Participant: 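Can you keep this structure in mind? I'll have questions shortly.
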Amino acid sequence: MLLLRFISFLLRVFLFLRFISTLKKLQILYQTAMAKELTTREDNYSQWYNDIVTKADLAENSAVRGCMVIKPYGYAIWERMQAALDKMFKDTGHQNAYFPLFIPKSFFSKEASHVEGFAKECAVVTHYRLKNDPDGKGVVVDEQAKLEEELIVRPTSETIIWDTYRSWIQSYRDLPLLINQWANVVRWEMRTRLFLRTAEFLWQEGHTAHATKEEAIAEAEQMLRVYAEFAEEWMALPVLRGVKSANERFAGAVETYCIEAMMQDGKALQAGTSHFLGQNFARAFDVQFLNRENKLDYVWATSWGVSTRLMGALIMTHSDDNGLVLPPKLAPIQVVIVPIYRNDEQYRLTCDKGREIKQQLEAVGIRVKLDDRDTQKPGFKFTEWEFKGVPVRLAIGPRDIEQGTVEIARRDTLTKEFASIDGIASTVQLLLETIQRNLFQKALDFRTANTKPVDSWEEFKEQIEKGGFLLAHWDGTPETEQAIKEETKATIRLIPLETDREPGVCVYSGKPSAGRVVFARAY
RNA sequence: CGGGGCAUAGCGCAGCCCGGCUAGCGCACCUGCUUUGGGAGCAGGGGGUCGCAGGUUCGAAUCCUGCUGCCCCGACCA
């Protein structure tokens, strides 16, 4: 009897040890596989970013230099961003419209600083017809079909829109005019990176006209708040709010407001801008209105935009060395269900249970995918959906069905636990909210940890190498800003709006400063 | 627009120096069997104008010339 017990004990020990060694083996295999597929952030941050975009199937380079193909999964995220923003625009009284892709060249010369800002990166249409190459194969430009006036492919639409507004606005009764357009624009960039900087990109541009300066400023500030709220609530992206220095201001603006975010490599990324344009465009395009006193005046303008660059911000803020990490509110798929089975019978049972859970989750508005492909193994599916950043994964096997449980894995923490299938919808709903909050908090903690006041030039030069935001005093001159940029590659990301500003002395020149500004190296 | 590098199967690469068998490897793909709780295994199979155009040579992925495209690093930029 004793001997039997002893043997059984030995057997258990043996099985346990084997189990441990299998686990270790799996762990090693897993890590090797990962390392092979995805570059780590520490190893090469840019390559890591490129790998995520590719592996998560978000976008790829196209046959056209500098332009990208946004793939269905990437576009689905952009569509969710669009939907949320569009509602916020409508809720603040804006309407959508659409203006032409092409802008007559002469329009551009009407606003001096605007031309200067964009002239170097404009694509120009000079002809409108092709013909068969008389000397051989293919087609050539038909020189007969030269345009009388060349057309610029819009890098932004202020000029064509203000030219149009002239005929829309006669009286203060026509104001405010609150228009947004969703469009593509082209800026001929030398060096491009998927989402962050491409020759063609998608965006929205708001263009508003107002009777008074105060109202236009209020509009620009309102839209900055909208962007900040979108970034923080939807993207889980903490942002600083502020205004740009003269050097960084939009070409043609009186004041540029911006939201600025910190990426995991400590670099800053401008996530949205809103401009108070004064009467610059109204004067350039002669847009006047009769005010209440029956006097002619130029209208006051704003413009504001965010682009597919936000996709880059989203990726670089939350993702890890296992792939993309998406905040639940923007994830095209919030929950993926993976059935675990050994035979046809189990396949049927686990898929049935999966469908049942899917319905329960969908009933409370959760976006769910049941991955019932029989051509891939569970392990493969786990990794694949991790790459793609799906916030929550449920795995259902025969054991779960017996016990009425399901394995829940969180993408943000990479942790797993078991939960009862009863009440799964509210469990998952709560979890999604938790993940959304956790991602924001993690990003905020990271930003806080990498934001430091600096008070001497030596300290500035030392700290900027470590990345992050530096809060430093600046004498307010473009010359000092330029000098700092040349010496350290850091620029003023913004002059904060929301903090009390204490006077001090400029970290570079030692001259008086009105308050600290945020310096960083930027995308 | 300056400096550097690369171009060979869908993707990643070897072969090139020193020219010579049927151009090879990994992943992916197809078929079959075994598998399925963290990227499955075995067996078999398909897929190539070696970036383009010339030249040298009996013979060129390999040597020479020109062209084109892409990537990386700088300047510019959201």
Side-chain angles (χ1 to χ4, degrees), chain A residues 19 22-23 25-38 44 46-47 50-51 54-55 60-66 116-122 155-156 185-193 195-203 205 244 247-251 256 258-261 268-275 304-313 322-323 338-344 346-347 350 371-387 393-401 405-407 409 414 416 418 485-486 489 491 493 522-523:
Chain A
F19 174 67
T22 311
L23 271 186
K25 222 181 283 170
L26 284 172
Q27 187 71 26
I28 291 159
L29 279 174
Y30 181 60
Q31 283 168 354
T32 332
M34 295 306 300
K36 196 177 66 185
E37 295 286 346
L38 193 72
N44 183 343
S46 320
Q47 192 55 46
N50 290 339
D51 282 2
T54 309
K55 293 283 179 335
E60 63 187 36
N61 277 310
S62 72
V64 187
R65 178 225 268 279
E116 206 183 315
F118 289 106
K120 287 166 292 184
E121 48 187 22
C122 284
T156 179
V185 285
V186 169
R187 297 181 187 174
W188 213 260
E189 299 289 349
M190 289 300 162
R191 287 190 64 193
T192 59
R193 294 193 65 193
F195 291 120
L196 294 172
R197 178 168 297 110
T198 46
E200 179 194 16
F201 56 92
L202 305 184
W203 77 346
E205 45 181 327
K244 287 293 188 192
N247 283 357
E248 300 283 323
R249 199 175 284 151
F250 175 73
T256 288
C258 65
I259 53 171
E260 204 79 21
L269 187 141
Q270 180 175 297
T273 52
S274 168
H275 315 290
W304 27 275
V306 296
S307 72
T308 36
R309 193 179 217 209
L310 288 178
M311 294 286 293
N322 297 312
V338 179
I340 314 285
Y341 53 88
R342 282 176 189 281
N343 50 46
D344 289 353
Q346 289 181 354
Y347 177 70
T350 52
D371 189 352
D372 59 0
R373 286 176 296 175
D374 193 26
T375 49
Q376 255 70 33
K377 294 183 57 173
F380 180 91
K381 294 177 182 177
F382 291 176
T383 323
E384 181 172 79
W385 294 114
E386 250 161 40
F387 272 146
R393 181 185 70 232
L394 303 182
I396 310 166
R399 286 204 299 274
D400 294 305
I401 291 179
T405 60
V406 60
E407 184 195 78
L414 293 168
K416 294 192 278 200
F418 285 90
K485 184 179 177 181
E486 277 162 21
K489 289 178 185 162
T491 50
R493 297 324 301 155
Y523 276 96

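Heavy-atom basis, side chains included; hydrogens, waters and symmetry copies ignored. Below, chains carry the letters A, B, ... as their sequence lines are ordered, and counting in each starts from 1. Remember, predicted model here, so these are calculated numbers, not experimental data.
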Participant: Specify the separation, in whole Å, of atom CD of A:E386 and atom P of B:G39.
Facilitator: 12 Å
Participant: Calculate the interatomic distance between A:E60 atom CD and B:C71 atom C1'; express it in whole Å.
Facilitator: 16 Å
Participant: Sticking with atom C1', work out how far B:A60 lies from B:U8, rounded to a whole angstrom.
Facilitator: 14 Å
Participant: For the P atoms, the ones on B:U57 and on B:U49, what distance do you get once it is rounded to whole angstrom?
Facilitator: 28 Å
Participant: So if I define the base as every atom that isn't primed, P, OP1 or OP2, how would nucleotides 5-12 of chain B read as a B/S/- string at a heavy-atom cutoff under 4.0 Å?
Facilitator: --------
Participant: Indicate yes or no: at least one non-hydrogen side-chain atom of A:K416 is less than 4.5 angstrom from one of A:R393.
Facilitator: yes
Participant: Between the base of B:G39 and the side chain of A:E384, is one N or O donor paired with an acceptor at under 3.5 angstrom?
Facilitator: no
Participant: Could you check whether the side chain of A:K377 and the base of B:G41 have a donor-acceptor pair of N or O atoms closer than 3.5 Å, going by distance alone?
Facilitator: no
Participant: Under the criterion salt bridge (charged side-chain N to carboxylate O under 4.0 Å, His left out), I'd like the reasoning laid out for A:E386 against A:K55: C-alpha separation, chi angles, the key distance, then a yes or no.
Facilitator: CA-CA 10 Å; A:E386 250 161 40; A:K55 293 283 179 335; over 6 Å; no
Participant: How many Å lie between CZ on A:R65 and C1' on B:C1, as a whole number?
Facilitator: 11 Å
Participant: What does A:K416 touch in the nucleic acid at a heavy-atom separation under 4.0 angstrom: a base, only the sugar-phosphate, or nothing?
Facilitator: base
Participant: Distance check, P atoms only: B:C64 and B:G20, in whole angstrom units.
Facilitator: 15 Å
Participant: Within the 4.0 Å heavy-atom criterion, would you say A:Q346 contacts the bases, only the backbone, or no part of the nucleic acid?
Facilitator: nothing
Participant: Quick one, A:R399 and A:T405 - any side-chain contact, counting heavy atoms below 4.5 Å?
Facilitator: no
Participant: Measure CG/A:N343 against C1'/B:U34 and give the value in whole Å, please.
Facilitator: 14 Å
Participant: What are the atom names and distances for every N/O pair under 3.5 Å that joins the protein to nucleotides 28-33 of chain B?
Facilitator:
none

Participant: I'd like to know if the side chain of A:K381 and the backbone of A:D371 have a donor-acceptor N/O pair within less than 3.5 Å.
Facilitator: yes
Participant: Got A:R197 and A:M190 here, is their nearest side-chain heavy-atom distance under 4.5 Å?
Facilitator: no
Participant: Answer with base, sugar-phosphate or nothing: what part of the nucleic acid does A:L196 contact at a heavy-atom distance below 4.0 Å?
Facilitator: base
Participant: Kindly write out the residues that satisfy ring-ring contact (aromatic ring centres under 6.0 Å, His included) with A:W385, not counting sequence neighbours, or none if the list is empty.
Facilitator: none
Participant: Are A:V185 and A:P155 side-chain neighbours, meaning at least one heavy-atom pair lies under 4.5 Å?
Facilitator: no
Participant: Nearest whole angstrom, please: distance from the P of B:U35 to the OH of A:Y347.
Facilitator: 18 Å
Participant: Just to be sure I understand the rule, does A:R373 reach a base, reach only the sugar-phosphate, or reach nothing, if contact means heavy atoms closer than 4.0 Å?
Facilitator: nothing
Participant: Out of B:G39, B:U36, B:G38, which nucleotide sits closest to the side chain of A:R342?
Facilitator: B:U36
Participant: Holding to ring-ring contact (aromatic ring centres under 6.0 Å, His included), I want the full list of residues that pass it with A:Y347, two or more places apart in sequence or in another chain.
Facilitator: A:Y341
Participant: Looking for any heavy atom pair under 4.0 Å, which part of the strands does A:T198 touch: base, sugar-phosphate only, or nothing?
Facilitator: base
Participant: Using the closest heavy atom to pick a nucleotide of RNA chain B for each, name whichever of A:G66 or A:F201 lands nearer the 5' end.
Facilitator: A:G66
Participant: Polar pairs (N or O, both sides) under 3.5 Å between protein and nucleotides 72-77 of chain B?
Facilitator:
{"residue": "B:C73", "atom": "OP2", "partner": "A:R191", "partner atom": "NH2", "Å": "2.2"}
{"residue": "B:C77", "atom": "O2'", "partner": "A:E189", "partner atom": "OE2", "Å": "3.3"}
{"residue": "B:C77", "atom": "O2", "partner": "A:R197", "partner atom": "NE", "Å": "2.1"}
{"residue": "B:C77", "atom": "O2", "partner": "A:R197", "partner atom": "NH1", "Å": "3.4"}
{"residue": "B:C77", "atom": "O2", "partner": "A:R197", "partner atom": "NH2", "Å": "2.6"}
{"residue": "B:C77", "atom": "N3", "partner": "A:R197", "partner atom": "NH1", "Å": "3.3"}
{"residue": "B:C77", "atom": "N3", "partner": "A:R197", "partner atom": "NH2", "Å": "2.8"}

Participant: Quick one: A:D374 CG to B:U35 C1', roughly how many Å, whole number?
Facilitator: 11 Å
Participant: Using the P atom on both, measure B:G2 against B:A14 and round to a whole Å.
Facilitator: 29 Å
Participant: Provide the distance between the two P atoms, one in B:G24 and one in B:G46, to the nearest whole Å.
Facilitator: 12 Å
Participant: Does A:W203 have any ring-ring contact (aromatic ring centres under 6.0 Å, His included) partners at least two apart in sequence or in another chain, and if so, which?
Facilitator: A:F201
Participant: Between B:G3 and B:C17, how far is it from one P atom to the other, in whole Å?
Facilitator: 28 Å
Participant: Measure from OH on A:Y341 to C1' on B:A40 and round the result to the nearest Å.
Facilitator: 13 Å
Participant: Identify, with sequence neighbours excluded, every residue that meets ring-ring contact (aromatic ring centres under 6.0 Å, His included) alongside A:F118.
Facilitator: A:H114, A:F250
Participant: Name all residues meeting the salt bridge (charged side-chain N to carboxylate O under 4.0 Å, His left out) criterion together with A:E116; count only those two or more places apart in sequence or in a different chain, and write none if there are none.
Facilitator: none
Participant: Distance check, C1' atoms only: B:G44 and B:C58, in whole angstrom units.
Facilitator: 40 Å
Participant: For residues A:T192 and A:R65, determine if any side-chain heavy atom of one lies less than 4.5 Å from a side-chain heavy atom of the other.
Facilitator: no
Participant: Applying salt bridge (charged side-chain N to carboxylate O under 4.0 Å, His left out), name anything that partners A:E384, two or more places apart in sequence or on another chain.
Facilitator: A:R373
Participant: I'd like to check A:T491 versus A:N247 (side-chain heavy atoms, cut-off strictly below 4.5 Å). Are they in contact?
Facilitator: no
Participant: Show me, range against range, the stems involving RNA chain B, built from at least 3 consecutive Watson-Crick or G-U pairs below 3.5 Å.
Facilitator: B:1-7 with B:68-74, B:10-13 with B:24-27, B:29-34 with B:40-45, B:51-55 with B:63-67
Participant: To the nearest Å, how far apart are A:K381 NZ and B:G39 C1'?
Facilitator: 13 Å
Participant: Quick check on RNA chain B: between A:F418 and A:R493, whose nearest nucleotide comes earlier from the 5' end?
Facilitator: A:F418
Participant: Measuring only the C1' atom in each nucleotide, how far is B:U56 from B:C63? A whole number of Å is fine.
Facilitator: 8 Å
Participant: Using the salt bridge (charged side-chain N to carboxylate O under 4.0 Å, His left out) criterion, which residues pair with A:R309? Sequence neighbours excluded.
Facilitator: none
Participant: For A:E248, give me all partners under salt bridge (charged side-chain N to carboxylate O under 4.0 Å, His left out), at least two apart in sequence or on another chain.
Facilitator: A:R493
